[in-house]
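What follows is one structure encoded as structure tokens, with my remarks underneath.
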Amino acid sequence: MRRIRNVVVISLAVVAIVATGCARRPSVMQAAAPPPAGQVEAKPSEAPAQPRQPSRAAERSTSGGRMENARPAPSEFVDVADLKEIHFDFDKYDIRKTDAQVLNGNAEWLKSHEDQLLLIEGHCDERGTNEYNLALGERRAKSTMDYLVSRGIQSNRTSIVSYGEERPACRDHNEPCWAKNRRAHFLVKPR
């Protein structure tokens, strides 16, 4: 009788351990804000596996018979101290009021330098999957571009690229550092 009771107790203990499993790492919420009005939001599972490059117009023939691309590669763009980064809240891509003021200043600089093409990089912090962060970085770059277009910047001189979490500005693992990584960064290139 005692032996049967021990077997039952041990069996119940094994079942309880198996049922509860090992401690798991907390999962990351992948909720996102709705897309800007008139836009369709890409689902994180549909996000590209690699960073998106700025869209390139189809190659076209010039009068000299050579081929040229309408948009330069991201590596051709450079930093300009006059264009300031903006930052985003966690898991958001809407433009905050203080960042709208920064973008207004950037728009004025771009209007006075119409000979410059603009590349907007979308960045995220390290939390979330690579695919999700690439999609979120793209939404951040797109909402930034949309804001600048609403301030009179021609969309045909603007490209976007998402690097997700791949190019952090800060490498610490805390909120002040993550806040620095949730950004839109601006680069230019002469036309």
Side-chain angles (χ1 to χ4, degrees), residues 25-33 35-36 39 41-57 69-96 98-103 105-107 109-110 113 116-149 153 155 157-191:
R25 195 173 141 193
S27 62
V28 177
M29 293 279 300
Q30 294 189 359
Q39 295 180 7
E41 178 180 355
K43 294 178 183 169
S45 61
E46 297 171 0
Q50 299 295 321
R52 283 189 54 142
Q53 300 298 318
S55 60
R56 294 185 182 264
N69 288 325
R71 301 267 182 187
S75 61
E76 297 178 34
F77 288 82
V78 297
D79 279 315
V80 172
D82 293 327
L83 294 177
K84 307 297 182 207
E85 288 184 338
I86 63 167
H87 295 88
F88 297 88
D89 291 327
F90 174 71
D91 203 28
K92 302 283 187 199
Y93 58 91
D94 52 320
I95 307 297
R96 304 179 298 191
T98 56
D99 292 306
Q101 295 171 356
V102 171
L103 287 177
N106 288 354
W109 187 91
L110 290 163
H113 294 83
Q116 300 291 317
L117 296 176
L118 176 67
L119 176 64
I120 303 170
E121 297 177 341
H123 297 272
C124 300
D125 63 37
E126 65 189 42
R127 297 172 291 178
T129 65
N130 289 337
E131 294 81 12
Y132 181 74
N133 285 333
L134 285 170
L136 180 58
E138 184 173 349
R139 287 192 297 270
R140 287 175 174 167
K142 178 76 169 107
S143 68
T144 302
M145 182 182 83
D146 291 344
Y147 187 91
L148 290 172
V149 167
I153 304 305
S155 63
R157 66 185 271 218
T158 305
S159 300
I160 64 171
V161 63
S162 174
Y163 290 111
E165 64 192 70
E166 295 173 11
R167 296 186 178 184
C170 179
R171 296 194 179 272
D172 293 338
H173 305 288
N174 55 47
E175 183 54 37
C177 183
W178 292 328
K180 293 176 186 175
N181 292 335
R182 298 187 302 258
R183 69 194 190 282
H185 185 77
F186 304 93
L187 303 165
V188 296
K189 177 193 184 320
R191 288 186 195 221

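Numbers for residues simply follow the sequence, beginning at 1.
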Value rounded to 0.5 Å, distance of CG in Asp82 from CH2 in Trp109: 6.5 Å
Ile153 CD1 to Leu103 CG distance, which is reported to the nearest 0.5 Å: 10.5 Å
Test item: Ile120 and Leu187 side chains (from C-beta on) under 4.5 Å apart, heavy atoms: no
Min side-chain heavy-atom separation Phe186-Val80 under 4.5 Å: no
Partners passing side chain to side chain contact (heavy atoms under 4.5 Å, CB included) against Arg191 (at least two apart in sequence or in another chain): Leu117, Gln154, Arg157
Check against side-chain contact (heavy atoms from CB on, under 4.5 Å), Val78 and Lys189: CA-CA 6 Å; Val78 297; Lys189 177 193 184 320; over 6 Å; no
Separation between OG of Ser155 and CE of Met145, rounded to the nearest 0.5 Å: 6.0 Å
Side-chain donor/acceptor of Ser143 to backbone N/O of Tyr93, under 3.5 Å: yes
Those residues that, when tested against Glu165, pass side chain to side chain contact (heavy atoms under 4.5 Å, CB included) (two or more places apart): Asn130, Asn133
Straight-line distance of Thr158 OG1 to Leu119 CG, nearest 0.5 Å: 9.5 Å
Whether Asn106 side chain and Lys84 backbone form a donor-acceptor pair below 3.5 Å: yes
Short side-chain to backbone donor-acceptor contact, Asn181 and Cys170, under 3.5 Å: yes
Worked verdict on Leu134 versus Glu166 for side-chain contact (heavy atoms from CB on, under 4.5 Å): CA-CA 9 Å; Leu134 285 170; Glu166 295 173 11; 4.2 Å; yes
Arg96/Asp89 ion pair, N-O < 4.0 Å: yes
Contact check, side chains of Val161 and Phe77, non-hydrogen atoms, under 4.5 Å: no
Test item: Phe88 and His123 side chains (from C-beta on) under 4.5 Å apart, heavy atoms: no
Distance, nearest 0.5 Å, that separates CZ of Arg183 from CG of Asp125: 10.5 Å
Close side-chain approach of Gln116 to Pro190, heavy-atom, < 4.5 Å: yes
Residue from Glu121, Arg167, Glu85 passing side-chain hydrogen bond (donor to acceptor under 3.5 Å, both in side chains) with His185: Glu85
Student check: side-chain heavy atoms of Phe90 and Cys124 closer than 4.5 Å: no
Residue pair Ala141 / Gly122: nearest heavy atoms and the distance that separates them: CB-N, 3.9 Å
Ion pair Arg182/Glu175, N-O distance below 4.0 Å: yes
Distance in Å, Leu136 CG paired with Glu131 CD, rounded so as to fall on 0.5 Å steps: 13.0 Å
Results of side chain to side chain donor-acceptor pair (under 3.5 Å) for Asn174 - residues two or more places apart only: none
Pair Lys92 + Asp94: basic N to acidic O under 4.0 Å: no
